[in-house]
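This report refers to the structure that appears directly beneath it.
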Amino acid sequence: MMADLVTRSTDSNGITTLTLNQPNKRNSLSMAMLDALAEALSDSAADDASRVVIIASAGKVFCAGHDLKEIRDQLNSNEFQLALFKRCSEVMQLVVNLPKPVIARVAGVATAAGCQLVASCDLAVAADSARFATPGVNIGLFCSTPMVALSRNVSRKHAMEMLLTGEMISAARAEQIGLVNRVVDESLLDETVYGMARTIAEKSGHTLKIGKGAFYKQLEMPLAGAYDYTAKVMAENLRAHDAQEGICAFLDKRKPEWKDS
């Protein structure tokens, strides 16, 4: 059943697509959906054939956040509530810590934890019809966990406006504030997302792993500490086969032959 909730496929370019596949429930992040997404992400991390991961969705809604009917059924269970939000937080961190780039392909609405999922991805491309919101405040449940990812991607005042008003914003506005990288006509969404993924997949997987890990780690450091840390990362990176091959290939004016090591 978990495989039905999130489908996983990898093409010849090493691009893995994880599709949230419960459109009848607006691809909401129920406990079962979170478990399925966690499993799919873990499988992708361990799959050497997978170089870039795309998170997509079936139907007209990207992800409507948590399943409110499930939450209502468990209103008297603090144990379930804590487990649900903890599991969601774990999944978002799986996205960030995945040793491969993750791109959100956003068609339709992404609200609450669905918006959190978009913000957690390394890159995001949205159809011009997509919309975003953190509307928890409207139902008395502030989007506190979505706030973590949102506030790390957009400026403080833009994040607070979304969180305090709960209002829906357009794809164009999401691009303007840095929640998504690009907005395209829906007919061009796949072309843009997979074109971006192919460009990244052509790089050294080892180099991408080093760079993504260092990017998020240095963000949490003071300036001097970040430079000290990344200087060591670059020196260590230079010892790798792919870095040495890439430099030689550039100087020899030829295409590098990556070994992902």
[X] side chain vs [Y] backbone, donor-acceptor pair below 3.5 Å:
{"X": "Lys212", "Y": "Lys100", "answer": "yes"}
{"X": "Asn21", "Y": "Leu5", "answer": "no"}
{"X": "Asn13", "Y": "Ile15", "answer": "no"}
{"X": "Ser28", "Y": "Lys25", "answer": "yes"}
{"X": "Thr19", "Y": "Ala56", "answer": "no"}

Applying side chain to side chain contact (heavy atoms under 4.5 Å, CB included), run through Cys115 and Met162 and close with a yes or a no. CA-CA 11 Å; Cys115 186; Met162 289 185 68; 4.2 Å; yes
As an exercise, state the distance from [atom1] of [X] to [atom2] of [Y], rounded to the nearest 0.5 Å.
{"X": "Ser204", "Y": "Glu245", "atom1": "OG", "atom2": "CD", "answer": "10.0 Å"}
{"X": "Ser155", "Y": "Leu150", "atom1": "OG", "atom2": "CG", "answer": "9.5 Å"}
{"X": "Leu20", "Y": "Met33", "atom1": "CG", "atom2": "CE", "answer": "5.0 Å"}
{"X": "Asn153", "Y": "Gln116", "atom1": "CG", "atom2": "CD", "answer": "11.0 Å"}
{"X": "Asp47", "Y": "Ser42", "atom1": "CG", "atom2": "OG", "answer": "12.5 Å"}

Test of understanding: clusters of I, L, V, M, F, W, Y form through side-chain heavy atoms closer than 4.5 Å, transitively. Do Val118 and Leu18 belong to the same one?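 Val118 clusters together with Leu18.
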Co-membership, hydrophobic cluster, residues Leu189 and Val106, 4.5 Å side-chain: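 No, Leu189 does not connect to Val106 through the hydrophobic network.
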Go through the side-chain N and O atoms of Ser129 and Glu186 and say whether any donor and acceptor fall under 3.5 Å apart.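 Yes, because at least one side-chain N or O of Ser129 sits under 3.5 Å from a partner of the opposite role on Glu186.
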Can you find a side-chain donor-acceptor pair between Ser187 and Asp185 that sits under 3.5 Å?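 Checked: Ser187/Asp185 side chains pair up, N/O donor to acceptor below 3.5 Å.
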